[in-house]
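Before any comments, here is the structure.
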Amino acid sequence: MRLSAYLLPTLKENPAEAQIVSHRLMLRAGMIRQHAAGIYTWLPLGLRVLRRIEQIVREEQDAAGAQEILMPTIQSADLWRESGRYEDYGKEMLRITDRHDRAMLYGPTHEEVVTDIFRQNVKSYRDLPRMLYQIHWKFRDEVRPRFGVMRGREFLMKDNYSFDLDHAGARRAYHRMFIAYLRTFARMGVKAIPMRADAGPIGGDMSHEFIILAATGESGVFCHRALVDKPVPEKVDYTADLQPLVDEWTALYAATDEKHDPQSEQVKALGDTLIAARGIEVGHIFHFGRKYSDPMKAVVAGPDGEPVTVEMGSYGIGVSRLVGAIIEASHDEAGIIWPESVAPFAVGLINLKTGDALTEATCQNLYDRLQRAGVDVLYDDRPDRAGAKFAAMDLIGLPWQVIVGPKGLEHGRVEVKNRATGAREDLSPEAVVDRLRSR
RNA sequence: CGGGGAGUAGCUCAGACUGGUAGAGCAUGGCGUUUGGGACGCCAGGGCCGCAGGUUCAAAUCCUGUCUCCCCGACCA
């Protein structure tokens with residue numbers, strides 16, 4: 001992509017409305033624009049990141065055996081009356097009346113819709129287990145939206161719902177998602193620690209929040225040192241018993257500050273293996289049994305022909321929130337530092353002197369060859385000053401910069417800079433493509 | 001929903017207290033000088049001063065109402 005033809009409205013100054021670093025950087029880097037409180041337009045650069053995160057989530061969900069569907073954003077109130085939540089859900093639910101005076105709502109979540117789909121279409125224990133997920137926009141009319149996309153009213157979420165014949169099956173589904181989540185966040189280049197969460201009236205150990213560690217995180221967290229760099233499982237066989245793998249993670253202490261008790265024996269025993277950090281919740285997995293299948297009569301025929309009410313769980317990932325959370329975890333004074341796996345482009349190609357014949361030709365050649373090699377390039381071909389281009393490229397945080405100017409070319413060299421480390425290499429233009437292809 | 005703050009050019013903000021023809025920097029367009037870390041000079045365009053009402057000869061400025069946005073708290077992915 002040529003920057004001269006790309007909508008990338010970067011800002012030199014911090015917009016007054018943005019307080020936290022990810023919100024400021026997303027506005028300054030031209031990723032988003034606010035439309036109303038907690039509601040945003042995603043501009044081309046921001047959308048690219050959102051799509052890449054979405055795709056990682058999708059691949060890991062599919063690998064864990066879930067199937068993607070797409071449910072409506074606007075739902076009928078009828079289903080919610082059936083589950084009993086229409087009256088319970090407060091003003092966070094955006095209620096809409098259509099032209100025929102029917103009660104509708106913009107979905108804040110989708111348990112009712114997915115349970116309805118399930119009960120209509122799945123009738124036998126032979127069809128279990130099932131996991132159905134979607135990546136879709138939801139709306140919760142938060143009293144106080146803030147932190148940019150980290151706590152918007154409209155947000156993109158992956159929500160998965162599991163259906164099992166019994167509690168043992170539900171536990172297997174839970175474990176599959178537990179492991180899938182570890183892999184998902186690791187692929188995005190962030191450290192996400194599973195922490196036991198409130199399981200509400202269900203109780204038990206079947207609810208975990210996944211929290212990304214970031215110095216500017218919203219809540220304090222405490223965990224065993226070993227969790228921070230614990231390697232995430234590779235090549236998982238999702239048909240195997242995953243309990244031992246999950247136990248390895250849940251055995252180590254981890255708690256958010258509201259659950260953390262410094263006086264407890266367990267915490268005291270940790271000594272200096274306990275670390276305090278800050279974090280941002282980006283995922284939540286939850287077993288809720290028959291909370292919806294019971295009132296909504298999601299029932300299948302069991303092996304003996306008797307009806308069985310299915311066991312359910314739900315598994316959320318805040319996809320749009322992750323964009324902000326990753327920035328909180330990965331930035332510096334100059335701007336964003338994208339992990340390679342979610343970067344909007346892999347490489348920023350900087351032409352330091354447009355109009356200079358050799359510089360132009362070298363840039364054009366690199367641009368073509370990088371694209372042919374399958375490397376996503378953003379080519380800054382604008383006739384701006386060098387300083388402005390450096391600043392803009394650092395701000396938007398592409399992992400690699402290829403810097404081409406007359407001074408280097410005099411010696412047959414261009415510069416390759418790594419955004420994260422700042423390390424620079426002088427290479428011949430010919431060597432650049434191989435260098436970046438093998439990154 | 002309680003408490004606080006702010007709405008003036010695309011962005012950051014002055015002007016308001018003490019009413020009198022709407023400003024600066026950045027950004028945008030033109031010209032020139034520059035050119036390896038957000039350059040400099042000259043010129044130009046761009047504003048129902050959030051909206052409505054009131055006071056006044058006269059309102060960005062004073063008064064009332066209202067809408068919107070931000071921050072702290074409670075709440076939440």
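Proteins come first, then strands; the chains are lettered A, B, ... in the order of their sequence lines, and each starts at number 1. Quick caveat: nothing in here was measured; it's all calculated off a predicted structure.
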- Task: In whole angstrom, give the distance that lies between atom NE2 of A/His411 and atom C1' of B/G36.
- Result: 13 Å
- Which nucleotide sits closest to the side chain of A/Thr10: B/G38, B/A74, B/C71? B/G38
- Query: Quick one: does A/Glu13 reach the base of B/G25 with a side-chain donor-acceptor pair under 3.5 Å?
  - Reply: yes
- Separation of A/Glu17 atom CD from B/U68 atom C1', in whole Å? 12 Å
- Nearest to the side chain of A/Arg140 - B/A77, B/G38, B/C75? B/A77
- Item | Sugar-phosphate only, base, or nothing, as touched by A/Gly405 at under 4.0 Å among non-hydrogen atoms | base
- Query: How close or far is atom C1' of B/A74 from atom CD of A/Glu92, stated in whole angstroms?
  - Reply: 12 Å
- Task: Give a yes/no answer on whether the side chain of A/Gln34 brings an N or O atom under 4.0 Å of OP1 or OP2 in B/C70.
- Result: yes
- Would you kindly give the CD-to-P distance between A/Glu142 and B/C70, to the nearest whole Å? 13 Å
- Closest-nucleotide ordering on RNA chain B, the 5'-leading residue of A/Arg321 and A/Ala16: A/Ala16
- Sugar-phosphate only, base, or nothing, as touched by A/Gly148 at under 4.0 Å among non-hydrogen atoms: nothing
- Item | A/Phe139 CZ to B/A77 C1', straight-line distance once rounded to whole Å | 14 Å
- Task: For A/Glu209 and B/A77, give me the distance from atom CD to atom P, rounded to whole Å.
- Result: 8 Å
- Query: Given A/Arg151, which of A/Glu142, A/Glu218, A/His23 fulfils the side chain to side chain donor-acceptor pair (under 3.5 Å) condition?
  - Reply: A/Glu142
- Item | Sugar-phosphate, base or nothing in reach of A/Lys91, heavy atoms under 4.0 Å | sugar-phosphate
- Query: Can you check whether A/Phe390 stacks with the B/G38 base, using ring centres under 5.5 Å and planes within 30°?
  - Reply: no
- Message: I'd like to know if A/Arg151 reaches the base of B/C76 with its side chain such that a donor and an acceptor end up less than 3.5 angstrom apart.
- Response: yes
- Message: Please tell me if A/Arg385 has a side-chain N or O lying less than 4.0 Å from either OP1 or OP2 of B/A39.
- Response: yes
- Query: At under 4.0 Å between heavy atoms, what does A/Asn14 touch on the DNA or RNA strands: base, sugar-phosphate, or nothing?
  - Reply: sugar-phosphate
- Item | Nearest-angstrom distance from the residue atom CG of A/Leu11 to P of B/C13 | 12 Å
- Item | Partner of A/Tyr40 by side chain to side chain donor-acceptor pair (under 3.5 Å), out of A/Arg153, A/Arg33, A/Glu154, A/Gln34 | A/Gln34
- A/Pro406 near the nucleic acid: base, sugar-phosphate alone, or nothing, with a heavy-atom cut-off under 4.0 Å? base
- Identify whether any heavy atom of A/Gly283 sits under 4.0 Å from a base atom; if not, whether one sits that close to sugar-phosphate; answer base, sugar-phosphate or nothing. nothing
- Query: When the ring centroid of A/Tyr89 is compared with that of A/Trp80, is the distance short of 6.0 Å?
  - Reply: yes
- Query: Out of B/C76, B/G36, B/G38, which has the shortest distance to the side chain of A/Ala391?
  - Reply: B/G38
- Message: Is the distance from the ring center of A/His260 to that of A/Phe222 below 6.0 Å?
- Response: yes
- Between A/Ala37 and A/Pro15, name the one whose nearest nucleotide on RNA chain B is closer to the 5' end. A/Pro15
- Task: Rounded to the nearest angstrom, tell me the gap between atom NE2 in A/His110 and atom C1' in B/A77.
- Result: 15 Å
- Message: Let's see if you can work this out: which of B/A27, B/G36, B/C69 has an atom nearest to the side-chain heavy atoms of A/Lys12?
- Response: B/A27
- Item | Residue pair A/Tyr106 / A/Arg95, side-chain donor-acceptor N/O under 3.5 Å | no
- Considering only side-chain heavy atoms of A/Arg146, which listed nucleotide, B/C72, B/U34, B/A77, is closest? B/C72
- Message: To check you understand the geometry: which heavy-atom pair defines the closest contact between A/Glu311 and A/Ala170, and what is its length?
- Response: CB-CB, 3.9 Å
- Proximal nucleotide (of B/U35, B/A74, B/C75) relative to the A/Arg144 side chain: B/A74
